[in-house]
Amino acid sequence: MTNGKKQNSSDTAVQGTNDSSVVSKVSAAAQGYFEDCFLQHFVCKVARRSPLINRGYYVRWRAVDHCVRAFLQVTQHCAKRQILSLGAGFDSLYFRLYGDAALNKAVVFEVDFPEVTRRKAALIQSSVSLSKMLDSQHSLCLTGPVYVSSSQYFLLGVDVRHESHVEEALVKAGLDPTAPTLILSEVVLTYMETQRSDDIIKWAARLLPQSLFVMYEQIHPQDPFGRIMQEHFLKLNSTLHALRQYPDTDAQRQRFLDKGWEKCVCLDMNEFFLRLIPDDERYRVEYLEPFDEHEEWHQKCSHYFILTASRGSLTAQSLLIHPSVPLQWPSWSPSGLVVKTEPVCLEGFGMASTFLDGGLILLTGGSCRTGRGAPSRVLHRGLEGWRSFHVTPSACSSVRRYHSITSIAGGVAVIYGGRSSPVSPIGGLVKVSLRLEGSPGPEDVVELHEEEMTCTGAHPPLRWRHSATLVCHKGKDFLFIFGGKNESEAVLGDGYFLDLDQKHWTEVAVEGAAPEARHSHSACSYQGGLVLFGGHGRRGEPLGDIMVMKPNERGFCWERIDVQPPPCPRYSHGAHVIGDHLIVVGGVWLRSDSVPGVALINLSRRCSVEFRLITASVPWPLMLHSFCSELMVQKEAELILIGGGGNCFSFGTHFNPQLVTVDLSPALTETELTLRGSEVTRQEFVI
């Protein structure tokens, strides 16, 4: 294929992203995320997108609208102001602003490929609702380059990559280079070769000395989510070029400063959503649709940014505001922990795991590649290494996601909670045990015995993403349920005790300030009580507090443990206890410059350190959220990480394909932890 044909093919693919984008925007508007009755005129067929995609397009719409409104507010007393939208596609900005009576003394210029603008002009001409929003002297020309000409709206069909042609068409349409101008670019420049997009940024700075540049694009190409994102656009023949040279917000900010812009602010979308959108608006969005893809939401937002760059003192007033609460930096160790692949293929996320007698790990529930409940499996490490064994069909546990499974006395485990969908929580408790004589052989199928538990007393409201931890009070074992979420509550902060002997939900005195409500946290058995860490809080962001529930004569008492340096807030992680050390692995945090590895927290000395994971020898990407982890302490301490992954926005669903292990020896040696003689306790791990 010649270079010209390749370029035409790529241009066609980029134009196709416009069609997909406008359908997604229409879907979000239809579900009430924002108001825009004009978008529907630019789609042939309405399609409802998933809640995750609706949220993604909402935060994009909200960020751009925030910048546009700020510019119009700052320039309201100017005799003339302009909006120049590069690669505008089927955006409805002009019609929305006109309908809001927000275009006083403002003119909108839109530029895109001639093929796109020709289609848009035809749609405007065929719509009475749209064409009546142009003045009576407007003209429509289907041969270009000015396809629509009106007193406040000009639609130009010019390839944005050719600045001289764009400038010529804009001057012909009446653009005033001296007037305050907002330049808007929503996922446009990154589709060009980076030199071309850099030239456009320099050209705009030269042409418009009193201007504000607003850009929304992708960042962080090399982490697990970024790899999936890049592969998606490569398959669409729409390569994201700018990511290579400008992979993060700092690089993008410096890019504009180096290209002639005087000031620049660049925020990833987590920062924008959590810091610049009011709480009441975020809570409104929370309840528009059933939603339970929190990990993927935060990761999507960490891979997009909104940028404002200014020239001139006037437009500098409409720059984005830096978040008032800076993100916490991890306290990285110079050492890393090696991750190795085990020759066992096992996929799934939203599963739960626990150790049973005989060194067997039981996995239940979760999602598999078909979208249905994953079959229960048993893992066992013999002389030849790890093996995975099928479990006889399990009606009770296989449909559950984000449930808990907790080992109790007698080689038995208790399954609690979970959901089959974000509107379908699962109630009741199920007692499970394995029927197996000795270690399983290569061809064995393990039989799982299940029994519904009938419990008396006031049982907890239904929930998922909770913790269920074995604690001890006055010589009796209790299952302590804490937190989670359900279909009506975004987070829960209540706790319940199940007397395992009496099978009775009972009240036990708990003193001290209880942890704030959360889900997707960890809770590990610790010194008869438990240690709780992290989670997803009510405000929609990760928590980093450490709470210990200690047994006393009356029951238990909550105590906050302050650690220096504090561990980075996260959720959807795994956690385990060795002696006085809490080991935290994986999860999701808001630091978009890195992904969580292993945090080692000394609960007695109250200090912590973070270790990066060395993943060169494992299949990439490795997504450590919605996974299971178990702690192995034999000759050496290691973590086994099972499953994990998720739906990566509209880019596809990823499943970690194999078991992997993490050698903890360097971390334990570095912190001078002596395992010999230490009492080892296990977390009943739940997310």
Within the 6.0 Å centroid threshold, strictly below: Tyr496 and Tyr416: no
So, are Arg387 and Glu342 salt-bridged, with charged N and O less than 4.0 Å apart? no
When the ring planes of His294 and His519 are compared, do they come out parallel, tilted or perpendicular, using 30° and 60° as the limits? tilted
Checking side-chain polar atoms at under 3.5 Å, does Ser629 have a donor or acceptor matched by the opposite partner on His576? yes
Could you check whether Arg612 makes a cation-pi contact with Trp332, meaning its NZ or CZ is under 6.0 Å from the centre of the six-membered ring and within 45° of the ring axis? yes
Exactly one of Tyr571, Phe273, Phe649, Trp589 clears ring pair (Phe, Tyr, Trp, His ring centres under 6.0 Å) with His298, and that residue is Tyr571
Is there a donor-acceptor pair closer than 3.5 Å between any side-chain N or O of Glu610 and the backbone N or O of Cys568? yes
Taking NZ in Lys340 as the centre, count heavy atoms belonging to other residues, nucleotides or ligands within less than 6.0 Å. Is the count above 12? no
When rounded to the nearest 0.5 angstrom, what distance separates CG in Leu346 from CG in Leu363? 6.0 Å
Short N-O contact, Glu559 and Arg606, less than 4.0 angstrom: yes
Quick one about Asn602 and Ser604 (side-chain donor to acceptor, distance below 3.5 Å, no hydrogens or angles considered), yes or no? yes
I'd like to know whether NE2 of His459 has more than 12 heavy-atom contacts from other residues, nucleotides or ligands below 6.0 angstrom. no
Where does the angle between the aromatic ring planes of His220 and His303 fall among parallel (under 30°), tilted (30 to 60°) and perpendicular (over 60°)? perpendicular
Should Arg465 and Asp292 count as an ion pair when the cut-off is N to O under 4.0 Å? yes
